[in-house]
Number of protein chains: 2
Amino acid sequence: MERPELPLPQLHAFAVLAEELHFGRAATRLGIAQPPLSQQIRRLEEKVGHALFSREPGHVALTPAGRELLPAARRALSDLAEGLAAARAVGSGRAGCLRIGFAASLALTVLPGLLHTFRQRFPEVRLNIHEMTTAPQIAALHDKTIDIGLLREPPTDEPGLGFETVLSEPFVAVLPSAHPLAATRTVETAQLADSPFVLLPREVGPGLYDRITGLCTAAGFTPRVAQHAVEWQTVCALVETGLGVSLAPASIRRIRLRGVAFRGLRPATARTRVAVAWRSNDPNPLVSRLLATVSQVPQRGLL
Amino acid sequence: MERPELPLPQLHAFAVLAEELHFGRAATRLGIAQPPLSQQIRRLEEKVGHALFSREPGHVALTPAGRELLPAARRALSDLAEGLAAARAVGSGRAGCLRIGFAASLALTVLPGLLHTFRQRFPEVRLNIHEMTTAPQIAALHDKTIDIGLLREPPTDEPGLGFETVLSEPFVAVLPSAHPLAATRTVETAQLADSPFVLLPREVGPGLYDRITGLCTAAGFTPRVAQHAVEWQTVCALVETGLGVSLAPASIRRIRLRGVAFRGLRPATARTRVAVAWRSNDPNPLVSRLLATVSQVPQRGLL
DNA sequence: TGAGCTGATATCTCTAGGCGTATGGAGCGC
DNA sequence: GCGCTCCATACGCCTAGAGATATCAGCTCA
């Protein structure tokens, strides 16, 4: 890339004069007197090395060289004007792109309302959403693959990231319809001590995993994990086949399967937190706007 | 069109830094010291109103706003560089476009050699050729529809235009094969006194028309015009049908029709001139180059 | 022939900005 | 802790160029 030879103000004057083909009128449009315009054009012609306009008395016209330069000048000017406007829009947070990671179980609860409200407020902002579990979200935030995370059971101390609780929801027991406890309205955690468990593997969300096993420990038993599955959808399907039972955030009641029953869990104080996460030093104004939107939109949990 | 807000040198620095993502290296590539580069970027950022680069220690990266501005800046810079190069090429006469009018009868004689030679010398020049008779060429030169004319019997005094004889060629008699004179090797003009004539209308080429009727007058008769036709091709076709005879520049021997005979004309001093014509004040360097080419390429007439 | 329009020239002012050197300050590795 | 890298800041110099006013020159038209 060589250094630019032609100053933009001169090219602007050139473009306007090329439209008016009249020094006086062009100068007026540019908001300057006529002699300075003559100078601008002359300077530009000197730099190009050839006349750009032919000045016959009473008639200004583009030379072939001028005709060649004009489209380039126009494009450059409009490109820059548009680019500047776009950069300002993005810089001010009016437009741009925000990459959001979210836990699958939120696709039916907090996410839709959030997206809807944010899109209404900032229609020019493009939202790229990516389903991912907690641990990958943390990693993606660190290497800037996403800008916002919506995750369960945020780690208590993750340097460089900020968290804020969006929603706290109770746990439910996930049972096969045929399970004896499915007949009751609520389930005591301890009553699950003898059933095999279907859980998400610890790696995809250590916080939630530890939270669930913690509930069991608190109830006096260690859960026996019969099977792991990476999605709640799959967990429910496995429960339906009678492979075991599970404990899950109440949100997954939205997953409707005929052979699966969701029952309230006691103690009712057992709750799981959903949090929004971001890089604490992220200068992107869209991030703070999304955080503001999150805290303004009331999040209603299930149960 | 608003006045440009961003100076090009700063945009250039911006583009280079966006490639290097390193102030020191970018400054080196720009051939300046590092502090000035920091200034350029800062000034640009002030004008845009937002940071374009994020400077974390040991790591320079584009902000979203910078990413938005970059493609526009690149396009503007390359557009201008290309536009400038093109304008210079055209201005210096290395490239461009030349519109040439030519008499149909020259399509098979002077035109091909001229085009060939010129194209070899200036391969970047586009030649637009338009078949037209003498009078329209004069008009087209005046209103700049063409830049060069190749015509027969140039007017002796046409203000604003320059002419130079390219070729002087004899006349031939155009006869139906069945015509008694077709049996002889050459024809005396006076021998055609009793034959009806097929000629081009005077309007399309008054010079040539007057030249032909002048030959007849000199031979002691006024030609009786049985039919006009606007193209030599048609004239020959009409002669072939026996409608009459004609006098034409020797070039049209190239038109081969079975029923038509071309015979040399006496007096042999009767010749017609082909000239190149141009606007005498045309600043287009291509015009003078074409004129130079014309005078350097030896033009060989027929007979 | 004189008025009016159009563009070029001359001259002056002023400032934005491009570049340099010198220096400061934050991280990072030894 | 020391030095190194990397970027920012401060200050000074100097030129390009954008703007103004005043004036001139060529053409047209009444």
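As the structure is a prediction and not an experimental result, all values here were calculated from the model. In what follows, every chain begins at residue 1, and chains take the letters A, B, ... in the order their sequences are listed.
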Any N/O pairs under 3.5 Å between the protein and nucleotides 15-17 of chain D? List them or say none.
residue: D:dG17; atom: OP1; partner: A:K47; partner atom: NZ; Å: 2.5

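In this structure, NE2 of B:H59 is placed 14 Å from C1' of D:dC6, rounded to the nearest angstrom. The interatomic distance linking B:L52 (CG) with D:dA8 (P) rounds to 12 Å, in whole Å. At whole-Å resolution of the value, NE2 in B:H22 and P in D:dC6 are 4 Å apart. The separation between A:H12 atom NE2 and D:dA18 atom P is 12 Å, rounded to whole Å. In this structure, A:F23 atom CZ and D:dG19 atom C1' are separated by 17 Å, rounded to whole Å. Protein atom CD1 of A:I41 is 11 Å distant from nucleotide atom P of D:dA18, rounded to whole Å.
Contacts classified as salt bridge (Lys or Arg N to Asp or Glu O under 4.0 Å) and involving residues 135-146 of chain B (residues at least two apart or in different chains) are given here: A:E56-B:K144. Sorted by first then second residue, the side-chain hydrogen bond (donor to acceptor under 3.5 Å, both in side chains) pairs that include residues 62-71 of chain B, not counting sequence neighbours, number zero. Sorted by first and then second residue, the side-chain hydrogen bond (donor to acceptor under 3.5 Å, both in side chains) pairs involving residues 200-209 of chain B (not counting sequence neighbours) are B:R202-B:D210.
For B:S78, there are no side-chain hydrogen bond (donor to acceptor under 3.5 Å, both in side chains) partners, not counting sequence neighbours. In this structure B:R119 satisfies the side-chain hydrogen bond (donor to acceptor under 3.5 Å, both in side chains) test with no other residue, sequence neighbours excluded. With sequence neighbours left out, the side-chain hydrogen bond (donor to acceptor under 3.5 Å, both in side chains) criterion links B:E131 to no other residue. Annotation: side-chain hydrogen bond (donor to acceptor under 3.5 Å, both in side chains) contacts of B:N284 (sequence neighbours excluded): none.
Atom-to-atom distance recorded for B:F118:CZ and B:Q296:CD is 11.0 Å, nearest 0.5 angstrom.
Using a distance-only test at 3.5 Å, with no hydrogens or angles considered, a donor-acceptor pair links the side chain of B:R289 to the main chain of B:G93.
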Starting at the 5' end of nucleotides 23-30 of chain D, put B wherever the base has a protein heavy atom under 4.0 Å, S where only the sugar-phosphate does, and a dash everywhere else. ----S---
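Each of A:L127, A:N128, A:I146 was evaluated against A:L98; a single residue qualifies, A:L127, per the side-chain contact (heavy atoms from CB on, under 4.5 Å) test. Shown are A:Q137, A:R279, A:E158; of these, the side-chain hydrogen bond (donor to acceptor under 3.5 Å, both in side chains) with A:H142 is made only by A:E158.
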Using atom types as modelled, flag every donor-acceptor pair under 3.5 Å from a side chain in residues 33-42 of chain B to any protein atom, sequence neighbours excluded.
residue: B:Q34; atom: NE2; partner: B:S38; partner atom: OG; Å: 3.0
residue: B:R42; atom: NH1; partner: B:E46; partner atom: OE2; Å: 2.9

Tell me, with the steps shown, if B:S168 and B:R273 meet side-chain hydrogen bond (donor to acceptor under 3.5 Å, both in side chains). CA-CA 4 Å; B:S168 160; B:R273 291 192 304 140; over 6 Å; no
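When the local axes at the two ends of the helix from C:dT1-D:dA30 to C:dC30-D:dG1 are compared, using 5 base pairs at each end, they differ in direction by 20° after rounding to 10°.
For the pair B:R55 and D:dA8, the criterion of a side-chain N or O lying under 4.0 Å from OP1 or OP2 is met.
From the 5' end on, the contacts that DNA chain C makes with chain B at under 4.0 Å to a non-hydrogen atom open and close at C:dG17 to C:dG27.
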